[in-house]
Amino acid sequence: MKTLILNGSPRKNGDTVSLIHIFLEGLEGEYKIVNAYEDGIGPCIDCRFCWENDGCSIQDGMQEVYEYIQVCDNILIVSPIYFSEIPCPALQFAALG
Ligand SMILES: Cc1cc2nc3c(=O)[nH]c(=O)nc-3n(C[C@H](O)[C@H](O)[C@H](O)COP(=O)(O)O)c2cc1C
């Protein structure tokens, strides 16, 4: 079983990371963690590359997400909430839905 974990927190040892560690204690199989801040997830620039091609023209951490999402069994999006929204760098994760 493969699990993709999308971490939307900028804090290296914050609440979100604590929750991920608790989750990992009960997780079987392999997993990959992508962090919206550390892996430099950029915003959509409406370049329209994806209208005629697979994937995205922006070479950032999302490339890793696009690959793993094809083979994983589970996706976990875990993030703090800032002002009733998920933080901007993590919005690309929400767009996967
Ligand atoms: C600037 C800011 C705004 C926040 N806004 C909200 C909010 O609107 N609703 C909420 O429930 N928590 C809010 N929080 C609390 C965080 O979501 C919460 O502390 C979270 O557990 C932090 O996770 P982290 O330690 O991984 O960064 C806010 C925190 C900050 C720093």
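Atoms within each ligand, like the ligands themselves, are counted from 1 in listed order. What you are looking at is a predicted structure, and each value in this text was computed from that prediction instead of being measured.
- Surrounding CG of Asn13 are at most 12 heavy atoms belonging to other residues, nucleotides or ligands under 6.0 Å away.
- Enumerated by chain and number, the residues approaching ligand 1 to less than 4.0 Å through a heavy atom are Ser9, Arg11, Gly14, Asp15, Thr16, Pro80, Ile81, Tyr82, Phe83, Ser84.
- Residues that satisfy the salt bridge (charged side-chain N to carboxylate O under 4.0 Å, His left out) test with Glu85, not counting sequence neighbours, are absent from this structure.
- Residues Phe23 and Thr3 come closest through the heavy atom pair CE2-CG2, 4.2 Å.
- By the neighbour-count criterion of 12 heavy atoms within 6.0 Å, atom CG of Asp46 is densely surrounded, having more than that number from other residues, nucleotides or ligands.
- Within 6.0 Å of the OH atom in Tyr37, the count of heavy atoms belonging to other residues, nucleotides or ligands exceeds 12.
- A side-chain donor from one of Glu30 and Tyr68 sits under 3.5 Å from a side-chain acceptor of the other.
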